[in-house]
Every structure is written in structure tokens, then in C-alpha cells.
Participant: 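The structure's right below; bear with me while I get my questions together.
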2 protein chains.
Amino acid sequence: MNQNIVELFKANQIKNTTQRHRVIEYLIKCKEPVTAESIYIALFEDDAYEDKVNLSTVYRILDLFVKQSIVLRNSFGNEHKSTYEFNRREHKHHLICVKCNKVTSIKGCPLKAYEQDLGNQTHFKILEHRLEIFGVCPSCQERGN
Amino acid sequence: MNQNIVELFKANQIKNTTQRHRVIEYLIKCKEPVTAESIYIALFEDDAYEDKVNLSTVYRILDLFVKQSIVLRNSFGNEHKSTYEFNRREHKHHLICVKCNKVTSIKGCPLKAYEQDLGNQTHFKILEHRLEIFGVCPSCQERGN
DNA sequence: ATCGCAAATGCAAATCAATCGCATTTGCGA
DNA sequence: TCGCAAATGCGATTGATTTGCATTTGCGAT
């Protein structure tokens with residue numbers, strides 16, 4: 001039982017159940033966004049626990065985590081399924097290789113000043129943005145094509 | 001029978017069927033991205049034609065148009081359905097109201113110089129990007145909440 | 001203009017991600 | 001330790017999209 005997770009749940013008024021603990025523990029380990037189904041499979045195959053976590057429970061847990069902002073939900077490219085990642089509270093974007101679909105995180109953000117301008121022009125109250133950049137990664141460039 | 005559309009199809013080796021003609025004609029009229037279902041309903045309710053276009057046909061037509069790049073497919077926010085828009089070959093982004101989900105197009109792009117830098121830093125060959133900005137539109141701000 | 005046939009469409013059934021209803025179980029405060 | 005609201009499991013359901021197959025249609029060759 002990871003004490004940091006217990007604290008995280010307490011701070012967000014989230015009841016500490018085995019299933020929630022296992023989901024967030026797994027997400028914290030993941031370096032890139034994952035689907036609900038892949039979380040389900042990972043937990044299913046984890047022999048450290050004999051009980052299996054139900055897929056609908058995974059979805060319910062993810063909804064809760066997203067609502068509490070401890071997890072972020074995305075959907076990349078034209079995929080019509082969501083991916084989830086632990087919210088590390090750092091503003092970042094993703095660089096996606098169009099050949100191999102590898103997702104790389106980019107630190108830093110070029111949009112601060114632009115958002116200010118845009119808010120003034122449109123009278124929207126700007127809250128956040130999502131930026132994905134597509135290209136060909138170095139290894140796919142080497143392999144030609 | 002719109003001759004521009006006939007030309008567009010010819011240029012893209014797309015067989016000119018009634019259904020395809022009606023779908024692209026409708027998309028060209030739309031100012032903002034629309035779902036497959038709303039295209040289906042719009043064509044269904046159009047009394048200028050007595051034949052109705054099937055929903056699976058709409059999907060098949062959209063897939064073809066996207067493959068040929070005469071139409072762009074998006075999916076905004078965390079909606080798990082796609083929207084489609086005629087590809088006007090102009091680079092633009094979208095501003096989405098988190099309250100009413102209205103989508104507004106933004107002309108211009110703040111990322112030209114940034115992409116150059118990013119390419120140099122990461123050795124990716126940068127191809128394109130997708131930027132969505134979220135906020136609260138003026139009318140929703142007025143209504144409070 | 002007509003014919004032939006590959007390609008496109010209609011329709012219904014299937015699939016895939018996500019959600020829901022309800023009976024059972026579990027974590028946590030008294 | 002007890003009680004109960006909240007969480008989970010499981011199966012059924014929804015909503016978007018896709019597919020299989022029989023029928024129809026557009027277009028090039030005649």
C-alpha cells in the first residue's frame with residue numbers, strides 16, 4: 001500500500017479502494033497516455049493481486065480521477081477512443097510520429113502570449129489549450145519512406 | 001449538378017455519384033465542422049431530392065473524402081465522435097466553448113517559428129499540428145456560471 | 001445511345017468504446 | 001466491531017462507426 005497514493009486520495013476526498021489504488025499506481029508508472037482497456041489488461045495480468053478489476057470499474061474510476069483532475073483524458077489524432085495519463089501538473093504537448101505513432105512529450109509552450117491576444121480579440125475567457133504536433137521521428141526518417 | 005464539384009471529383013479520381021455530390025455540396029456550405037449524423041439528417045430533410053442517403057453511405061463517403069484530403073476529420077475536446085469539414089486549404093485552429101461546445105474558427109497561426117525550432121531540437125521532420133483552444137464564450141460568460 | 005461490369009449503395013446485423021441498472025461487497029466513521 | 005453509504009461486479013444497453021451481402025448505378029467501351 002503506497003502511502004503517497006493514500007495521501008493523494010485523502011487530499012482529493014477519494015475513498016481509498018483496492019481498485020482505485022491499483023489504477024492510479026499503474027498510471028503513475030506509465031510514461032505515456034494509455035487507454036482504459038490497456039489499464040484493464042495490465043491490471044488483469046498483474047499476478048501480484050488475485051482479484052481482477054472489472055472494465056466498467058476502470059471507466060468509473062477514470063471518470064472520477066478526471067473529475068478531480070488527478071488524471072488527464074486525451075484523444076489523439078483521429079482515434080475515437082480516449083487515453084489517460086497521470087496529471088504531473090506540468091504543462092506539456094505531444095509530438096506524434098505519423099509513421100510509427102510514437103508519442104513524445106515536449107516541455108515548454110509557445111502559446112502564453114498568444115492566448116492573451118486571442119482573449120482580447122475574441123472576448124472568450126481562455127482557459128486552456130491542446131496542441132499536438134505531427135511529424136516523422138528520426139528513426140523513421142532513417143528507415144526511409 | 002454543380003460543375004465545380006464534378007471537377008473536384010475528377011481531379012481526385014472520385015466517381016461522381018448523387019450521394020457523394022450531395023455530401024460534399026452540403027459540407028461546402030457548412031461554416032463549421034459537423035458530425036456524420038448531422039450530415040445524414042440534413043440530407044434526409046432536404047426535399048429537393050426524393051431519395052434519402054443511407055447513414056452508412058455517409059460514413060463510407062466521408063472516409064473516402066478524408067483519404068483523398070478533400071475533407072478533414074477532427075474530434076474535439078473529449079467527445080468520442082468525429083466531425084468533418086470541407087478542406088478549404090487554409091491553415092486554421094479552433095476555439096471551443098467549454099460551456100456550450102460551440103466551435104469558432106481562428107484564422108492565423110502562432111506556431112510557424114516554433115515548429116522550425118522544434119524540428120532543429122528534436123530532429124523530427126515536422127509536418128503539421130493541431131491546436132485547439134478552450135475557453136468560455138462571451139454569451140456563456142454573460143449567463144454566469 | 002446502349003451494354004456490361006466494377007464500384008457504390010441500402011439495409012440489417014455486427015463491432016467497439018463507453019455507460020448504466022441493479023444486486024452484492026467493502027471501506028471507513030461512529 | 002457495526003452499519004450503511006459508496007464502490008464494485010456483471011450483464012445488458014447505448015451511441016458511433018463498420019461490415020457483409022444483395023441490389024443498383026455510373027461510366028468506359030462498343
Side-chain angles (χ1 to χ4, degrees), chain A residues 1-3 5-24 33-44 49-68 70-71 73-84, chain B residues 1-3 5-24 26 33-44 49-68 70-71 73-84 101:
Chain A
M1 181 105 105
N2 180 326
Q3 202 54 38
I5 292 176
V6 173
E7 291 305 322
L8 176 67
F9 283 168
K10 198 164 288 172
N12 288 277
Q13 291 121 240
I14 292 171
K15 196 151 124 183
N16 176 32
T17 68
T18 317
Q19 292 86 338
R20 289 171 177 180
H21 200 278
R22 293 179 62 192
V23 169
I24 201 72
V34 288
T35 62
E37 176 150 48
S38 61
I39 296 169
Y40 169 71
I41 292 171
L43 299 186
F44 195 91
Y49 299 83
E50 63 181 61
D51 283 321
K52 304 307 178 186
V53 180
N54 194 275
L55 182 57
S56 3
T57 304
V58 171
Y59 276 109
R60 277 189 286 233
I61 289 175
L62 289 170
D63 284 350
L64 175 69
F65 288 173
V66 170
K67 201 176 300 165
Q68 301 289 54
I70 68 173
V71 162
R73 186 201 318 246
N74 327 104
S75 72
F76 291 113
N78 293 317
E79 293 291 314
H80 55 278
K81 65 189 164 194
S82 298
T83 56
Y84 301 84
Chain B
M1 181 106 105
N2 181 327
Q3 202 54 36
I5 292 176
V6 173
E7 292 304 322
L8 177 67
F9 284 169
K10 198 163 289 171
N12 288 278
Q13 291 123 240
I14 291 171
K15 196 151 125 187
N16 176 32
T17 68
T18 317
Q19 292 86 340
R20 289 171 178 180
H21 200 278
R22 293 179 62 192
V23 169
I24 201 71
Y26 177 71
V34 289
T35 63
E37 175 150 48
S38 61
I39 296 169
Y40 168 70
I41 292 171
L43 299 187
F44 195 91
Y49 300 82
E50 61 182 61
D51 284 320
K52 304 307 180 187
V53 181
N54 194 276
L55 181 57
S56 5
T57 304
V58 171
Y59 276 109
R60 277 189 286 232
I61 290 174
L62 290 170
D63 284 349
L64 175 69
F65 288 173
V66 169
K67 202 176 298 163
Q68 302 289 54
I70 69 173
V71 162
R73 185 200 318 245
N74 326 103
S75 75
F76 291 113
N78 293 317
E79 293 291 314
H80 55 280
K81 65 187 164 194
S82 298
T83 57
Y84 301 84
N101 291 312

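Chain letters run A, B, ... following the sequence lines, proteins first and then strands; every chain starts at 1.
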Participant: Taking only nitrogen or oxygen atoms into account, show me every contact under 3.5 Å that the protein makes with nucleotides 20-23 of chain D, one pair per line with its distance.
Facilitator:
unit_1 : atom_1 : unit_2  : atom_2 : d
D/dG20 : O6     : B/Arg60 : NH1    : 3.2

Participant: Determine which bases of DNA chain C form Watson-Crick or G-U wobble pairs with both distances under 3.5 Å, and write the result as a 5' to 3' dot-bracket string with | for other-strand partners.
Facilitator: ||||||||||||||||||||||||||||||

Participant: On DNA chain D, compare the nucleotides closest to B/Leu55 and A/Asp51; which residue's is nearer the 5' end?
Facilitator: A/Asp51

Participant: Toward the 5' end of DNA chain C, which comes first, B/His80 or B/Lys52, by nearest nucleotide?
Facilitator: B/Lys52

Participant: Just jot down the ring-ring contact (aromatic ring centres under 6.0 Å, His included) partners of B/Phe76, sequence neighbours excluded, or say none.
Facilitator: B/His94

Participant: By nearest nucleotide on DNA chain C, pick out whichever of B/Val53 and A/Lys15 is the more 5' one.
Facilitator: B/Val53

Participant: Of the candidate nucleotides C/dG27, C/dT9, C/dA17, which contains the atom at the shortest distance from the side chain of A/Glu37?
Facilitator: C/dA17

Participant: Rounded to the nearest 0.5 Å, how far does OG1 of A/Thr18 lie from OH of A/Tyr49?
Facilitator: 8.0 Å

Participant: Which whole-number value in Å describes the distance from A/Ile39 CD1 to C/dA17 C1'?
Facilitator: 14 Å

Participant: Given atom CD1 of B/Ile14 and atom C1' of D/dC27, what is their separation to the nearest angstrom?
Facilitator: 16 Å

Participant: So, is A/Arg20 close to the C/dG27 phosphate, meaning a side-chain N or O under 4.0 Å from OP1 or OP2?
Facilitator: no

Participant: What's the spacing between A/Ser75 OG and A/Lys81 NZ if we round to 0.5 Å?
Facilitator: 11.0 Å

Participant: Between B/Asn54 (CG) and D/dT17 (P), how many Å, whole number?
Facilitator: 15 Å

Participant: Considering non-hydrogen atoms only, spot the tightest contact between B/Leu43 and B/Arg22 and give its length.
Facilitator: O-NH2, 2.9 Å

Participant: Using a 3.5 Å cut-off and no angle test, enumerate the donor-acceptor pairs between side-chain atoms of residues 52-64 of chain B and protein atoms at least two apart in sequence or in another chain.
Facilitator:
unit_1  : atom_1 : unit_2  : atom_2 : d
B/Lys52 : NZ     : B/Phe44 : O      : 2.8
B/Asn54 : OD1    : B/Ser56 : N      : 2.9
B/Asn54 : OD1    : B/Ser56 : OG     : 2.8
B/Asp63 : OD1    : B/Arg73 : NH2    : 3.4

Participant: Starting from C1' on C/dT9, measure out to CG on B/Leu64 and report it in whole angstrom.
Facilitator: 13 Å

Participant: Side chains of residues 8-16 of chain A: which donor-acceptor pairs under 3.5 Å do they make with residues two or more places apart or in other chains?
Facilitator:
unit_1  : atom_1 : unit_2 : atom_2 : d
A/Asn12 : ND2    : A/Leu8 : O      : 2.9

Participant: On DNA chain D, does the nearest nucleotide to B/Ala36 precede the nearest nucleotide to B/Thr18 from the 5' side, or the other way round? Give the residue.
Facilitator: B/Ala36

Participant: Using atom CG of A/Asp63 as one end and atom P of D/dA7 as the other, report the distance to the nearest whole Å.
Facilitator: 13 Å

Participant: Can you list everything that forms a side-chain hydrogen bond (donor to acceptor under 3.5 Å, both in side chains) with A/Ser38? Sequence neighbours excluded, please.
Facilitator: A/Thr35

Participant: Of all residues at least two apart in sequence or in a different chain, which pass the side chain to side chain contact (heavy atoms under 4.5 Å, CB included) check with A/Thr17?
Facilitator: A/Gln19, A/Arg20

Participant: What nucleotide among D/dT8, C/dT19, D/dG26 has an atom nearest to a side-chain atom of B/Thr17?
Facilitator: D/dG26

Participant: If I take atom CD in residue A/Gln13 and atom P in nucleotide C/dG27, what distance separates them, rounded to the nearest angstrom?
Facilitator: 20 Å

Participant: Rounded to whole Å, please give me the gap between CZ in B/Phe44 and P in C/dG10.
Facilitator: 12 Å

Participant: Applying side chain to side chain contact (heavy atoms under 4.5 Å, CB included), name anything that partners B/Glu7, two or more places apart in sequence or on another chain.
Facilitator: B/Gln3

Participant: Measure the spacing between CZ of B/Phe65 and CD1 of B/Ile24 and express it to the nearest 0.5 Å.
Facilitator: 4.5 Å

Participant: Hey, does the side chain of A/Gln19 come within less than 4.0 Å of C/dG27's phosphate (OP1/OP2), counting only N and O?
Facilitator: no

Participant: What's the OH-P distance between B/Tyr59 and D/dT18, to the nearest Å?
Facilitator: 7 Å

